[in-house]
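All remarks here apply to the structure that follows.
Values below: all heavy atoms of this structure, side chains included; hydrogens, waters and symmetry mates excluded.
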Amino acid sequence: MTEQSIKNNIPKVSIGMPVYNGAKYIKQALDSLLAQTFKDFELIISDNSSSDNTESICRIYLLKDSRVKYYRQLENLGASKNFQFVLSKASGGYFMWAACDDLWDVNWVASMYQSLFLTNCSMAFGKIKHINELGIAIFHPA
């Protein structure tokens with residue numbers, strides 16, 4: 001990170017979370033992202049005009065953590081434009097997507113950042129475990 005980016009408070013990583021009606025799992029997803037050992041990130045949430053409790057949950061996290069940026073779309077943009085919106089708001093040197101129903105290992109962002117930084121690569125991908133609603137690992141053909 002350059003001296004200029006430190007002055008301007010530019011995060012090393014931007015995490016984009018487009019969401020629509022994600023109330024069922026979003027608390028767990030946000031808790032796991034905000035508990036990361038790597039702290040120098042912004043979390044950009046774009047709520048695609050959800051009709052469930054997503055907005056109220058996100059607003060609580062907006063107040064709890066200054067890294068959270070929350071945008072509520074006035075009307076549903078469609079998935080593609082909501083993804084584009086999140087990406088357009090990113091200011092970090094690196095970007096990663098997050099889903100509202102994902103759980104993240106506490107070292108996930110740190111390990112991805114370290115992989116990129118040490119190898120001077122522009123893209124990294126880790127191992128995914130699929131779990132059911134109870135958190136039990138399940139087989140996924142992909």
Side-chain angles (χ1 to χ4, degrees), residues 1-2 4-6 8-142:
M1 188 181 273
T2 66
Q4 184 63 33
S5 63
I6 293 169
N8 294 331
N9 203 23
I10 297 171
K12 290 181 181 174
V13 176
S14 294
I15 302 172
M17 181 184 282
V19 59
Y20 175 72
N21 287 345
K24 186 173 181 178
Y25 298 111
I26 198 166
K27 285 181 192 177
Q28 292 171 298
L30 294 174
D31 286 342
S32 69
L33 282 170
L34 296 173
Q36 293 294 302
T37 57
F38 185 93
K39 302 293 185 193
D40 192 1
F41 66 86
E42 65 180 344
L43 174 57
I44 306 156
I45 304 167
S46 177
D47 179 354
N48 207 4
S49 195
S50 294
S51 58
D52 66 359
N53 216 16
T54 299
E55 180 179 13
S56 60
I57 294 167
C58 290
R59 291 201 181 278
I60 290 168
Y61 283 85
L62 179 64
L63 296 174
K64 279 204 285 193
D65 196 306
S66 63
R67 296 172 296 175
V68 176
K69 315 289 189 272
Y70 175 74
Y71 300 90
R72 173 150 174 97
Q73 303 304 331
L74 298 177
E75 60 184 40
N76 192 305
L77 305 175
S80 179
K81 286 186 180 177
N82 200 35
F83 272 77
Q84 290 172 2
F85 178 85
V86 166
L87 185 58
S88 75
K89 295 297 181 185
S91 62
Y94 292 99
F95 181 85
M96 66 179 277
W97 297 109
C100 68
D101 59 353
D102 286 348
L103 294 178
W104 306 84
D105 180 272
V106 295
N107 294 311
W108 179 260
V109 178
S111 65
M112 293 295 103
Y113 181 81
Q114 185 176 22
S115 294
L116 293 169
F117 188 76
L118 292 176
T119 61
N120 201 27
C121 289
S122 57
M123 189 183 314
F125 191 83
K127 185 176 180 183
I128 296 172
K129 293 181 187 176
H130 296 275
I131 58 173
N132 65 15
E133 291 179 353
L134 302 174
I136 299 168
I138 57 172
F139 173 76
H140 191 281

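- Nearest heavy-atom pair, Gly92 versus Ile10, reported as atom, atom and distance to 0.1 Å: CA-CG2, 4.4 Å.
- Going from atom CG of Asn76 over to atom CG of Asn48 covers 4.0 Å, rounded to the nearest 0.5 Å.
- In this structure, OH in Tyr70 is found 14.5 Å from CD1 in Ile44, a value given to the nearest 0.5 Å.
- A donor-acceptor pair is defined here as one N or O able to donate and one able to accept, closer than 3.5 Å; no such pair exists between the side chain of Ser14 and the backbone of Ala90.
- The shortest side-chain heavy-atom distance between Asp52 and Tyr20 does not fall under the 4.5 Å cut-off.
- A 4.5 Å side-chain heavy-atom check between Tyr94 and Met112 finds every atom pair outside the cut-off.
- At least one donor-acceptor pair under 3.5 Å links the side chain of Gln36 to the backbone N or O of Asp105.
- Put simply, CD1 on Ile26 and SG on Cys58 are 3.5 Å apart, with the number rounded to the nearest 0.5 Å.
- In this structure, Ile60 CD1 and Glu55 CD are separated by 11.0 Å, a value rounded to the nearest 0.5 Å.
- Here the side chain of Glu42 pairs a donor or acceptor atom with the backbone of Ser91 at under 3.5 angstrom.
- Between the CZ atom in Arg72 and the OG1 atom in Thr54 there is a gap of 8.0 Å [rounded to 0.5 Å].
- Within a 6.0 Å radius of NZ in Lys81, no more than 12 heavy atoms belonging to other residues, nucleotides or ligands are found.
- A donor-acceptor contact under 3.5 angstrom links the side chains of Ser46 and Asn82, judged on distance only.
- Put simply, the side chain of Cys100 reaches to within 4.5 Å of the side chain of Met17, judged on heavy atoms.
- In this structure, Leu103 and Tyr25 have side chains that are not in contact, with every pair of non-hydrogen atoms separated by 4.5 Å or more.
- Taking the six-membered ring for Trp and the full ring otherwise, Trp108 and Phe38 have centroids separated by 6.0 Å or more.
- Summarising the geometry, atom OG belonging to Ser111 is positioned 9.5 Å from atom CG belonging to Leu116; distances are rounded to the nearest 0.5 Å.
- Taking the side chain as every heavy atom from C-beta outward, Ile45 and Leu30 approach each other to under 4.5 Å.
- Ring orientation note: the planes of Phe83 and Trp97 are tilted relative to one another, at an angle of 30° to 60°.
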Before you tell me yes or no, could you show the steps for Val109 and Ile15 under side chain to side chain contact (heavy atoms under 4.5 Å, CB included), namely the whole-Å CA-CA distance, both residues' side-chain angles and the distance that decides it to 0.1 Å? CA-CA 9 Å; Val109 178; Ile15 302 172; 4.1 Å; yes
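- Panel note: side chain Lys69, backbone Ser66; a donor-acceptor pair is recorded below 3.5 Å.
- A donor-acceptor contact shorter than 3.5 Å links the side chain of Asp47 to the backbone of Ser50.
- Side chain of Asn21 to backbone of Ser51: a donor-acceptor contact under 3.5 angstrom is found.
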Can you check side chain to side chain contact (heavy atoms under 4.5 Å, CB included) on Trp104 and Gln28, steps first, answer last? CA-CA 9 Å; Trp104 306 84; Gln28 292 171 298; over 6 Å; no
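- Both tests pass for Arg67 against the ring of Phe41: distance under 6.0 Å to the centre and angle within 45° of the axis.
- Under the 3.5 Å distance criterion, with hydrogens and angles disregarded, no donor-acceptor pair is assigned to the side chains of Asp40 and Tyr113.
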